[in-house]
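All values derive from a computational prediction rather than experimental measurement.
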Amino acid sequence: MKTCPECGEILGDSINVCFKCRYDFKYKRVITSTEVADRREERIKQQNKLIEEAKLREEQKGIQLAKNPLFEYQVITVDDLSTGQADQSSIQKVLSEWSEKGWRLHTIFTNEIGKSSTAASIGGFGTGTNATIDQTILVFERCIKE
């Protein structure tokens, strides 16, 4: 806490200008009404400048986006063989089919989907299941606007 040297008002440590008499701790004097008005006008000018700059950035962003091509994407999933190997013939078929439609392969990755469950044992005998399915995920893209 600090005390205003001009009017004796008790203020918080983060306060820079007394609410009661407008004593400014930075300038160590009371700020006149004209100075308050000038500061207010300066803040308004700065805010307007920031608003104008933001509008200009948005306009430039819109111009740049209009220049960029626009793409659409399609995701295709191909299950792997029961041996765990990739199903190359199915992948080749999908690649050929989608390339004929004007799509190009953008990304390809594998995905392992797992399921693990166990059953209760009876008389010391029990059964359990642990199954995983591997998939190949293909992401295609094509340009819809140049």
Side-chain angles (χ1 to χ4, degrees), residues 1-120 126 128-146:
M1 299 298 280
K2 58 186 173 184
T3 305
C4 176
E6 188 70 24
C7 68
E9 184 75 18
I10 297 174
L11 305 166
D13 290 331
S14 62
I15 304 300
N16 296 323
V17 178
C18 178
F19 301 116
K20 190 173 181 182
C21 67
R22 291 194 302 229
Y23 178 86
D24 192 316
F25 287 89
K26 181 179 176 184
Y27 296 108
K28 304 210 182 305
R29 62 184 173 84
V30 174
I31 304 301
T32 65
S33 298
T34 306
E35 288 176 308
V36 171
D38 291 344
R39 288 182 184 180
R40 186 178 304 122
E41 285 180 28
E42 186 61 33
R43 279 195 309 271
I44 290 170
K45 285 180 186 177
Q46 289 175 350
Q47 289 173 348
N48 288 338
K49 182 180 177 184
L50 291 174
I51 290 169
E52 289 300 318
E53 289 173 354
K55 286 180 183 178
L56 181 61
R57 278 193 304 274
E58 283 299 315
E59 287 175 15
Q60 290 171 344
K61 182 179 173 183
I63 291 168
Q64 185 61 39
L65 285 174
K67 291 179 184 178
N68 291 341
L70 182 63
F71 292 91
E72 66 177 327
Y73 295 89
Q74 186 68 38
V75 178
I76 305 297
T77 303
V78 177
D79 290 334
D80 289 349
L81 299 171
S82 60
T83 60
Q85 296 176 326
D87 189 351
Q88 293 180 3
S89 62
S90 293
I91 293 171
Q92 182 62 49
K93 180 181 173 188
V94 168
L95 288 169
S96 298
E97 179 183 327
W98 285 89
S99 65
E100 288 173 4
K101 296 177 183 178
W103 295 80
R104 74 176 192 148
L105 182 64
H106 180 274
T107 307
I108 186 170
F109 61 95
T110 59
N111 184 24
E112 183 177 306
I113 302 171
K115 179 174 93 172
S116 181
S117 63
T118 57
T129 305
N130 185 9
T132 58
I133 301 170
D134 290 329
Q135 297 175 324
T136 302
I137 312 296
L138 298 99
V139 180
F140 292 92
E141 77 173 355
R142 72 174 167 188
C143 186
I144 58 175
K145 181 187 92 58
E146 287 290 335

Q: Step through the shown structure and confirm whether more than 12 heavy atoms of other residues, nucleotides or ligands are within 6.0 Å of CD1 on Ile10.
A: no
Q.
For the CD atom of Glu41 and the CZ atom of Arg43, what is their distance to the nearest 0.5 Å?
A. 10.5 Å
Q) Do side-chain atoms of Arg142 reach the backbone of Lys101 as a donor and acceptor pair under 3.5 angstrom? A) yes
Q. Have Ser96 and Glu100 got a donor and an acceptor in their side chains that come within less than 3.5 Å?
A. no
Q. If you take all heavy atoms of Glu6 and Cys21, which pair is closest and at what distance?
A. CB-SG, 3.7 Å
Q.
When you measure from the side chain of Lys2 to the backbone of Ser14, do you find a donor-acceptor pair of N or O atoms at a distance under 3.5 Å?
A. no
Q: Could you walk me through whether Asp79 and Thr77 pass the side chain to side chain donor-acceptor pair (under 3.5 Å) test, one step at a time?
A: CA-CA 7 Å; Asp79 290 334; Thr77 303; over 6 Å; no
Q.
Below 30° counts as parallel, above 60° as perpendicular, anything between as tilted: where do the rings of Trp98 and Trp103 land?
A. perpendicular
Q: Any chance you could measure Ile91, atom CD1, to Ile76, atom CD1, to the nearest 0.5 Å?
A: 12.5 Å
Q. Taking all non-hydrogen atoms of both residues, which atom of Arg22 and which atom of Thr32 are closest, and how far apart?
A. NH2-C, 4.3 Å
Q) Side chain of Lys26, backbone of Val17: donor and acceptor closer than 3.5 Å? A) no
Q | Leu11 CG to Tyr23 OH distance, which is reported to the nearest 0.5 Å | A | 11.0 Å
Q | Value rounded to 0.5 Å, distance of CG in Leu56 from CD in Glu53 | A | 8.0 Å
Q. Within the distance-only criterion (no hydrogens, no angle test), does the side chain of Asp13 pair as donor or acceptor with the backbone N or O of Met1 below 3.5 angstrom?
A. yes
Q. Got a sec: does the NZ of Lys145 have more than 12 other heavy atoms crowding it under 6.0 Å?
A. yes
Q) How close do Ser90 and Val78 get, heavy atom to heavy atom, and via which atoms? A) CB-CG1, 3.6 Å
(Q) Within the structure provided, determine whether Thr110 and Asp134 are in side-chain contact (heavy-atom separation under 4.5 Å). (A) no
Q: Flag yes if more than 12 heavy atoms outside Lys93 fall under 6.0 Å of its NZ atom; otherwise flag no.
A: no
Q | Tyr73 to Val139 - nearest heavy-atom pair and separation | A | CD2-CG1, 4.2 Å
(Q) Are Thr136 and Asp87 packed together at the side-chain level, in the sense that at least one heavy-atom pair is separated by less than 4.5 angstrom? (A) no
Q) Regarding Asn48 and Glu52, is there a side-chain donor-to-acceptor distance under 3.5 Å anywhere? A) no
Q.
Working to the nearest 0.5 angstrom, can you tell me the gap between Leu70 CG and Ile144 CD1?
A. 4.0 Å
Q) In chain order, what residues pass the ring-ring contact (aromatic ring centres under 6.0 Å, His included) check against Phe19, with sequence neighbours excluded? A) none
Q. Just how far is it from atom CZ of Arg39 to atom OG1 of Thr34, taken to the nearest 0.5 Å?
A. 12.0 Å
Q. Are any of the side-chain heavy atoms of Ile31 and Arg29 separated by less than 4.5 Å?
A. yes
(Q) Is the shortest side-chain heavy-atom distance between Glu35 and Asp24 below 4.5 Å? (A) no
Q) Are Gln46 and Glu42 close enough that some pair of their side-chain heavy atoms sits under 4.5 Å apart? A) yes
